[in-house]
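Working notes, structure below.
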Number of protein chains: 2
Amino acid sequence: MRLLDALTSLKRAFRRGDYLYRSGEPFRSLFAIRTGFFKTQVLHEDGREQVTGFQMPGEIIGLDAISSDAYTCDAVALEDSEICEIPFDRLEALSRELPTLQRHLHKIMSREIVRDHGIMMLLGSMRAEERLAVFLLNLSQRLSARGYSPNAFHLRMTRQEIGSYLGLKLETVSRTLSQFQELGLLSVKVREVEIMDMLRLRSFVGAA
Amino acid sequence: MRLLDALTSLKRAFRRGDYLYRSGEPFRSLFAIRTGFFKTQVLHEDGREQVTGFQMPGEIIGLDAISSDAYTCDAVALEDSEICEIPFDRLEALSRELPTLQRHLHKIMSREIVRDHGIMMLLGSMRAEERLAVFLLNLSQRLSARGYSPNAFHLRMTRQEIGSYLGLKLETVSRTLSQFQELGLLSVKVREVEIMDMLRLRSFVGAA
DNA sequence: CGTGGGGTTGACTCAAGTCAATTTGGGTGG
DNA sequence: CCACCCAAATTGACTTGAGTCAACCCCACG
């Protein structure tokens, strides 16, 4: 796996607000996030934007670009971040030599597809409170998998961005968070969230 | 490419309503549709279902299963169909030998991700008429790419299934189709659609 | 030739969107 | 270091697009 290290040796730093790539740019590399936080978004010609995901350390972005040799969305740093660039042709070459790596790459791509299906379910058939609950629980779970507290965390994105991701307007996001607070499920102070009653928050999901 | 033929030599036939696979079943193969029409859907524990796609000849299904070695959705034939089974370990082995095949596989997976992002945009920020217009135009385009008329076609799915896919209720799908008909954009007679004014239908998309 | 699933349509409801006023807080320059 | 400014967030009042519920039609199939 020293080969793999060689592959990921290109590191780059980004400031908050920087674009890692923009839609339309030629595809050459995938990126692994080392530290920080990103969002990816697709822009519709009429100006509407859809946030397609929030990525944290250990996650890979750029997979959408393989299909057309150009990035199909924008990736923007939501805080100062560091990424590893992975030249895709080298990754392909190496994965021909290492079946384990090959399988790993396929799983990563497949996982992205499964994740997207989950969001389609969320956007297609959940009410606002459910969407928010799913979103918060997912963040909590991913942060906790990285050694952070599952109960208290800092939101790195605006209400607007959360809304775009969840198919809601920012006012609805704000109201729903306030409502959760009133119910004693959590406390929100702008970007700081503390989940007080994880079980009850979970029970929100899938409840009519 | 004779190797590839060997890979896809397992053919199977399905009757309308048959399951190609079900969520949870162990993953062994991808499937290429030769003839017919399928839908894929994910089921939420509470019974809600989300149709994640409608697939036609030449398209590959089962990519979601790679990530967890089990199918994560159901695939159901919407009409009598014939598929090729592609054992995934053989496909991986072969794609280690054939860089072109490897690249092709990666593009197919990436294309699925891009498609899903498009649907997220649709579900997250389009109104009912736009969703229907996008859906019909997409069907039209794919059918036309397969040599069928882009203007007149048979819907192989129910209003319910269209609604699930588009995040709408069946009544809304029905009403919106009627409305398009009133406007002279198309004629619908239950499952038979004829697009009369493709341009105006297109102009619906992205219009406030 | 009945029967039931799929489709259409209407009347009414309601969740989320819109618009607007106000507060909060982080970042920048004097 | 503080004051100011502006973007982000909150909250309220009102509107609306889509959902719900219900009646009815139609035709395909047994």
Side-chain angles (χ1 to χ4, degrees), chain A residues 15-18 39 47-51 76-80 122-136 154-183 186-193 204 207-208, chain B residues 15-17 39 47-51 76 78-80 122-136 154-183 186-193 204 207-208:
Chain A
R15 309 294 306 275
R16 177 145 74 96
D18 287 350
K39 69 167 173 177
R48 274 180 295 191
E49 68 178 47
Q50 173 76 31
V51 172
V76 186
L78 293 179
E79 61 179 29
D80 295 355
L122 177 145
L123 293 171
S125 63
M126 293 187 179
R127 36 186 18 322
E129 303 106 68
E130 278 186 275
R131 297 186 197 192
L132 242 310
V134 168
F135 171 72
L136 292 169
H154 178 81
L155 297 173
R156 260 138 302 201
M157 66 296 281
T158 66
R159 301 289 188 263
Q160 158 85 273
E161 287 162 340
I162 298 173
S164 169
Y165 183 59
L166 299 177
L168 301 170
K169 294 290 158 182
L170 64 96
E171 294 94 330
T172 305
V173 173
S174 180
R175 274 188 245 275
T176 308
L177 285 173
S178 301
Q179 180 193 333
F180 281 172
Q181 185 163 241
E182 304 246 308
L183 291 168
L186 46 78
S187 95
V188 220
K189 194 143 172 244
V190 194
R191 303 276 183 116
E192 298 304 322
V193 174
F204 248 82
Chain B
R15 308 293 307 274
R16 178 146 72 96
K39 69 166 174 178
R48 274 180 295 191
E49 68 179 45
Q50 173 75 30
V51 171
V76 187
L78 294 179
E79 63 180 26
D80 295 356
L122 178 145
L123 292 172
S125 63
M126 292 188 181
R127 38 184 27 312
E129 304 108 68
E130 279 186 276
R131 297 186 198 190
L132 242 308
V134 168
F135 170 71
L136 293 169
H154 179 80
L155 297 173
R156 258 136 304 199
M157 67 295 280
T158 66
R159 301 290 188 262
Q160 159 85 273
E161 287 161 340
I162 297 172
S164 168
Y165 182 60
L166 298 178
L168 301 171
K169 293 292 158 181
L170 72 284
E171 294 94 330
T172 305
V173 173
S174 180
R175 274 188 246 275
T176 307
L177 285 174
S178 302
Q179 182 193 330
F180 281 172
Q181 185 163 241
E182 305 245 310
L183 291 169
L186 44 80
S187 96
V188 220
K189 193 144 172 241
V190 194
R191 301 274 183 118
E192 298 305 321
V193 175
F204 248 81

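Order of the sequence lines fixes the chain letters, A, B, ..., with proteins taken first and strands second; residue numbering starts at 1 for each chain. This one's a predicted model, so the numbers in the text were calculated from it and none came from an experiment.
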Using distance only, find each side-chain donor-acceptor pair of residues 165-176 of chain A under 3.5 Å and give its atom names and separation, not counting sequence neighbours.
residue, atom, partner, partner atom, Å
Tyr165(A), OH, Arg115(A), NH1, 3.3
Thr176(A), OG1, Thr172(A), O, 2.6

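Distance CZ/Arg191(A) to NE2/His154(A): 6.0 Å, rounded to 0.5 Å. A distance of 7.0 Å separates CG of Leu186(B) from CG of Leu177(B), quoted to the nearest 0.5 Å. Here the CZ atom belonging to Arg48(A) is positioned 5.0 Å from the CE atom belonging to Met126(B), to the nearest 0.5 angstrom. For the atom pair NZ of Lys189(A) and CD of Glu192(A), the computed distance is 9.0 Å after rounding to the nearest 0.5 Å.
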Short heteroatom pairs, N/O only, protein and nucleotides 23-27 of chain C, under 3.5 Å:
residue, atom, partner, partner atom, Å
dG27(C), OP1, Arg16(A), NH2, 3.2

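Applying the 3.5 Å distance criterion, the base of dT18(C) shares a donor-acceptor pair with the side chain of Arg175(A).
What separates CD of Glu182(B) from C1' of dT9(C) is a distance of 11 Å, to the nearest Å. dA8(D) atom P lies 13 Å from atom NE2 of His154(A), rounded to whole Å. As a whole-Å value, the separation of Leu155(A) CG from dA9(D) C1' is 12 Å. For the pair Glu171(A) CD and dT22(C) P, the computed distance is 17 Å after rounding to whole Å. If you measure from atom CG of Leu170(A) to atom P of dG17(C), you get 10 Å, rounded to the nearest angstrom. In this structure, Met126(A) places its CE atom 18 Å from C1' of dG19(D), rounding to the nearest Å. Arg127(B) has its CZ atom 12 Å from the P atom of dG19(D), to the nearest Å. Distance CD (Glu192(B)) to C1' (dC26(D)): 15 Å, rounded to an integer number of Å.
Close to dG19(D), at under 4.0 Å from its OP1 or OP2, lies a side-chain N or O of Thr172(B). Phosphate proximity of dT9(C) to Ser178(B): present, with a side-chain N or O under 4.0 Å from OP1 or OP2.
Residues Gln50(A) and Leu123(A) meet the side-chain proximity criterion, which asks for heavy atoms closer than 4.5 Å. Contact check for Met157(A) versus Lys39(A): no side-chain heavy atoms found under the 4.5 Å cut-off. In this structure the side chain of Thr158(A) reaches within 4.5 angstrom of the side chain of Glu161(A), judged on heavy atoms.
Of all nucleotides listed (dC19(C), dG7(C), dC21(D)), dG7(C) comes nearest to the side chain of Arg191(B).
Among the heavy atoms of the strands, none lies under 4.0 Å from Arg131(B). In this structure, Gln179(A) reaches neither bases nor backbone, as no heavy-atom distance under 4.0 Å exists between it and the strands shown.
If you check residues 156-169 of chain B against DNA chain C, the residues with a heavy atom closer than 4.0 Å are Thr158(B), Arg159(B), listed by number.
A salt bridge links Arg15(A) with Asp80(A): at least one charged nitrogen is closer than 4.0 Å to a carboxylate oxygen.
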